[in-house]
Amino acid sequence: MSEMNTNKYKGGEEPGATRVRFAPSPTGHLHVGGARTALYGWLFARSRKGSFILRIEDTDRHRSTEESVEQIISSLQWLGLDWDEGPGVGGDRGPYRQMERMEIYKEAAAALLESGKAYRCYCSPEELDAARANAKAAGKPFVYNGRCANLTAVDEEKLKAGGRGSVVRLRLPDTGVTIVRDIIKGDVEFDNSILGDFILLRSSGIPTYNFAVSVDDAHMGVTHVIRGDDHLPNTPRQILLLEAMGEKLPAYAHLPLILGPDKTPFSKRHGASSVEEFRSQGYVREALCNYLALLGWSLDGETTLFSVEELIEKFSLERVGSTASVFDNEKLSWMNGHYIRSMDSEELASRIEQFIENTVLAGLPGTDDKPSVTDLVPLVQEKMKTLADFVDLTEFFFHPATFEEKALSRLVKDANAPAVLANAAEVLSSLDVFSVEAIESTLRQSADDLELKLGKFLQPIRISVSGKTITPGMFETLEMLGREESVSRLLAAIDLLKNSG
RNA sequence: GGCGCAUUCGUCUAGUGGCCUAGGACGCCGCCCUCUCACGGCGGUGGCAGGGGUUCAAAUCCCCUAUGCGCUACCA
């Protein structure tokens, strides 16, 4: 029974012949939902040694922008998802932007018109809107009534002479069912009677989504259509269209949605939602790819950490789940911290250097007597969850300590603070060698002398030199700050305490 | 309204009729480690949407209900 339509499909042939496309509409940044779709398609293509194609679906002239095309491309590149055919790399099935493919659509429409599988419709948008309104008022589904389906040449001449514009519609059966064989959703059956003869070419001559996508998928030899499941209800139309054009069908895989915490489709309302935003918040590509891969796919329910290479090796569409999933920033952050921790220090340093160019630290590390990013990485690597954390953790090395409210009040309330700071300033000034080891042993000794636990002893010092309650290890921090700066900050804090009485 | 998809711990998920006293991960809680914060280690909390069937046996199969979402455009 399920073998019934097998010969209509072309998916599943030799792996190397696999062709997958990612087809975003350039109407904004690359959203994480789009990024996941791209990732799955890319992983699938790479795992089958096939081709990954980028196609820009810019037929919505009102919403498409060139900036958006550039942003999407830059996000894909940042994620490491490269394409074999598409903008910037070419390919022999191009062009890869739909607005540059008008001739191809016109020809396809002409062929359909010629064979009688499509026809011109002269109904105006106003008439159609009215019909839709009527149907709704009557509580009935709106299906185009086929008024123009059987016009004679004479009728057409008359309508044209009357100045009527026309669209091209596909002639569809109004009986029977169309079955979408979906790798993720299984076989889904649609009644042809509710489809209606839909529009292929608008009166402007620009193709509609369903037409452009079908013509392009066929023309580009796409074997696997991997996209969001909001497209599932459109798929029977595309199947019927492909069949009308005499094309074989690609395999379909409709991915479930990504939701926000409130279970509605994930969007900017939920905070960061685009790849660009996550990038600028200091997330690394390894974490985003790994996290996105797991949002809807799992290998065994046990393994959670995958390198890109492992993903390519293990990924399969069959193990993509069919339920929508909620995007969880906490888990992404945890994963991001994991990747930051496991990165080798030169690599981390170079990522941080790029990242801080857009922050208050821009241009500061490594200048004058300031520590470089490389100097600082060992102190903060295991504390960072995002690259942005580097800034919070190390800013006080580059600017005079500004006291956080909480830190200041703790310092003021700490009865031991004056004694601790005086002691520390003194012993640190008289140290022969200002090294981590020397600092540690002398400060431990001081803590003992004052009969304070080390933590209790170090906290006033921490706050005095950094203005914060959280810093990298204190001994390392003091060494990095240098004797002079350390002591002067301690002295300044002592004054501060006196004056605040 | 019609059509479609979906429903396992708070979240991501494993589970394809007996191995489930439902497993893992994030989060959360507790303990340990500890100079703060993280990290790490150990332990814990917590779930099959509801109702009917089928079966010796159901998270797993069928039906109904509920809820959420999508599509229903000369948007994609």
Side-chain angles (χ1 to χ4, degrees), chain A residues 23-25 27 57-60 62-64 121 123-125 128-129 132 135-143 165-169 180 182 184-186 188-191 194-196 198-204 206-210 212-213 227-236 254 256-257 259 261 263-265 291 294-305 321-335 337-338 341 380-385 389 393 407 440 443-444 447 453-459 461-463 466 468-475 477:
Chain A
S25 325
T27 56
E57 307 216 329
D58 54 356
T59 56
D60 182 341
H62 300 295
R63 297 197 299 149
S64 298
C121 167
C123 298
S124 70
L128 293 170
D129 286 345
R132 230 187 312 277
K136 190 172 184 183
K140 294 190 170 178
F142 171 75
V143 179
S166 68
V167 299
V168 175
R169 286 184 186 270
V180 178
D182 192 277
I184 294 168
K185 308 281 186 184
V188 184
E189 201 173 296
F190 293 88
D191 221 320
I194 61 159
L195 264 23
F198 63 94
I199 295 173
L200 266 26
L201 240 37
R202 300 173 169 104
S203 50
S204 62
I206 295 175
T208 59
Y209 165 72
N210 281 308
V213 95
R227 69 210 332 181
D229 71 4
D230 46 335
H231 293 291
L232 185 57
N234 273 318
T235 308
H254 286 96
L257 260 62
L259 310 174
K263 309 283 182 102
T264 62
Y291 179 71
L294 240 36
L295 199 62
W297 170 86
S298 76
L299 176 65
D300 52 15
E302 307 275 306
T303 322
T304 57
L305 267 7
S322 57
T323 80
S325 29
V326 174
F327 194 93
D328 181 8
N329 269 301
E330 294 291 335
K331 192 162 185 174
L332 205 214
S333 290
W334 164 78
M335 211 174 256
H338 164 81
R341 262 173 265 128
V380 299
Q381 182 160 12
E382 69 174 13
K383 297 179 190 299
M384 294 169 62
K385 280 223 164 68
D389 289 342
L393 252 13
E440 173 161 7
L443 289 185
R444 279 187 188 277
K453 293 183 74 174
L454 189 61
K456 195 77 179 137
F457 177 78
L458 252 21
Q459 200 58 6
I461 300 174
R462 184 188 316 282
I463 293 171
S466 71
K468 305 165 65 125
T469 56
I470 301 169
T471 69
M474 212 55 247
F475 311 128
T477 295

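Each chain gets a letter, A, B and so on, in the order the sequences are listed, and its residues count up from 1. All values below were derived from every heavy atom in this structure, side-chain atoms included, with hydrogens, water molecules and symmetry-related copies excluded.
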Earlier contact from the 5' end, RNA chain B, for A/Met384 and A/Thr59: A/Met384

Can you tell me if A/Ser298 touches the phosphate of B/A14, counting only side-chain N or O atoms and a distance under 4.0 Å to OP1 or OP2? yes

Name the nucleic acid region contacted by A/Cys121, choosing base, sugar-phosphate or nothing; use a 4.0 angstrom heavy-atom cut-off, strictly under. nothing

What integer distance in Å separates A/Leu454:CG from B/C35:P? 5 Å

Please say which of A/Lys185, A/Arg227, A/His231 ends up in a side-chain hydrogen bond (donor to acceptor under 3.5 Å, both in side chains) with A/His254. A/Arg227

Supply the atom-to-atom distance A/Ile206 CD1 to A/Leu201 CG, rounded to the nearest 0.5 angstrom. 9.0 Å

At less than 4.0 Å, is any side-chain N or O atom of A/Lys263 found next to OP1 or OP2 of B/U67? Yes or no. no

Can you give me the closest heavy-atom contact between A/Phe327 and A/Leu332, atom names plus distance? CZ-CD1, 4.1 Å

Over how many whole Å does the gap from A/His231 atom NE2 to B/U72 atom P extend? 10 Å

With sugar-phosphate meaning primed atoms plus P, OP1 and OP2, does A/Val167 contact a base, only sugar-phosphate, or nothing at under 4.0 Å between heavy atoms? base

Does A/Thr304 reach a base, just sugar-phosphate, or nothing at all? Heavy atoms under 4.0 Å. sugar-phosphate

Touch class at under 4.0 angstrom, heavy-atom based, for A/Ser333 against every strand present: nothing

The side chain of A/Leu257 lies closest to which of these nucleotides: B/A76, B/A38, B/C69? B/C69

May I have the step-by-step check of side chain to side chain contact (heavy atoms under 4.5 Å, CB included) for A/Asp60 and A/Tyr209, ending in yes or no? CA-CA 9 Å; A/Asp60 182 341; A/Tyr209 165 72; over 6 Å; no

Quick check: closest heavy atoms across A/Gly296 and A/Ser325, and the distance to 0.1 Å? N-OG, 4.3 Å

Which part of the nucleic acid does A/Gly337 contact within heavy-atom distance under 4.0 Å: base, sugar-phosphate only, or nothing? nothing

Measure from the side chain of A/Thr471, starting at C-beta and using heavy atoms only, and say which of B/G70, B/C74, B/U36 lies closest. B/U36

What interatomic distance, in whole Å, is found between P of B/G70 and the corresponding atom of B/A25? 34 Å

Rounded to whole angstrom units, what separation is found between the NZ atom of A/Lys456 and the C1' atom of B/U34? 16 Å

Heavy atoms under 4.0 Å, any strand shown: does A/Phe142 hit a base, just sugar-phosphate, or nothing? sugar-phosphate

Can you list the steps and then say if A/Thr235 with A/Phe190 is a side chain to side chain contact (heavy atoms under 4.5 Å, CB included)? CA-CA 9 Å; A/Thr235 308; A/Phe190 293 88; 5.8 Å; no

In whole Å, what separates the P atom of B/C63 from that of B/G24? 33 Å

Nucleotide nearest A/Val326 when distance is taken to its side chain, options B/G4, B/C12, B/G70: B/C12

Whole angstrom is fine here: how far is it from CG in A/Leu259 over to C1' in B/U67? 14 Å

B/C62 to B/U55 separation - P atoms, rounded to the nearest Å: 16 Å

Could you work out the separation of B/C42 and B/A49 based on their C1' atoms and round it to a whole Å? 35 Å

Name the nucleic acid region contacted by A/Ser322, choosing base, sugar-phosphate or nothing; use a 4.0 angstrom heavy-atom cut-off, strictly under. sugar-phosphate

base_contact_polar (B/C35 base, A/Arg462 side chain, donor-acceptor, <3.5 Å): yes

Report yes if at least one side-chain N or O of A/Ser325 is closer than 4.0 Å to OP1 or OP2 of B/U13; otherwise report no. yes

When rounded to the nearest Å, what value does the distance between P atoms of B/C9 and B/U60 take? 14 Å

Quiz item: A/Lys185 side-chain donor-acceptor pair to B/C5 base, under 3.5 Å: no

Does A/Arg132 put a side-chain nitrogen or oxygen below 4.0 Å from OP1 or OP2 of B/C74? yes

Output the distance between atom CG (A/Leu393) and atom CD (A/Gln381), rounded to the nearest 0.5 Å. 12.0 Å

Among B/C74, B/C3, B/G23, which nucleotide has an atom closest to any side-chain atom of A/Glu302? B/G23

Using a heavy-atom cut-off of under 4.0 Å over every strand shown, decide if A/Pro265 touches base, sugar-phosphate, or nothing. sugar-phosphate

Could you state the interatomic distance from NZ (A/Lys385) to CD (A/Glu330), rounded to the nearest 0.5 Å? 8.0 Å

I need the A/Thr304 OG1 to A/Leu299 CG distance, nearest 0.5 Å. 11.0 Å

Proximal nucleotide (of B/A76, B/C69, B/C37) relative to the A/Ile470 side chain: B/C37

Ignoring the backbone of A/Asp230, work out which of B/C12, B/G70, B/C5 is nearest its side chain. B/G70

Is the phosphate of B/A76, meaning OP1 or OP2, less than 4.0 Å from a side-chain N or O of A/Ser64? no

Roughly how many Å is it from CD1 in A/Ile206 to C1' in B/A73, rounded to a whole number? 15 Å

Applying a 4.0 Å non-hydrogen cut-off, can you work out what A/Glu440 is touching in the nucleic acid: base, sugar-phosphate, or nothing? nothing

Mind checking the P distance from B/G41 to B/G51? Whole angstroms is fine. 41 Å

Could you state the interatomic distance from CE (A/Met474) to CD1 (A/Ile461), rounded to the nearest 0.5 Å? 7.0 Å

Figure out the CG/C1' separation between A/Leu294 and B/U11, and round it to whole Å. 12 Å

Which of B/G23, B/C74, B/C26 is nearest the side chain of A/Pro125? It is B/C74

What nucleic acid atoms does A/Arg63 come within less than 4.0 Å of, heavy atoms only: base, sugar-phosphate, or nothing? base

In short, A/Glu57 meets A/Ser64 closest at the heavy-atom pair O-OG, 4.4 Å

Reckon A/Gly455 touches a base, only the sugar-phosphate, or nothing at all at heavy-atom distances under 4.0 Å? sugar-phosphate

Say we look at B/G10 and B/G46: how far apart would their C1' atoms be, to the nearest angstrom? 9 Å

Same-atom distance (C1') from B/A58 to B/A22, integer angstrom: 13 Å

Mapping A/Ile199 and A/Leu393 to their closest nucleotides on RNA chain B, which lands nearer the 5' end? A/Leu393

Provide the closest heavy-atom pair for A/Val213 versus A/Asn210 in the form atom of the first, atom of the second, distance. CG1-O, 3.4 Å

Grab the CD1-C1' distance between A/Ile194 and B/U72 for me, whole Å please. 8 Å

A/Asn234 CG - B/C74 C1' separation (whole Å): 15 Å

Give me the distances for all protein-to-nucleotides 39-49 of chain B N/O pairs that come in under 3.5 Å?
{"unit_1": "B/C39", "atom_1": "O3'", "unit_2": "A/Arg341", "atom_2": "NH1", "d": "3.4"}

Now, which nucleotide makes the Watson-Crick or G-U wobble pair with B/U72, with each of the two distances under 3.5 Å? B/G1

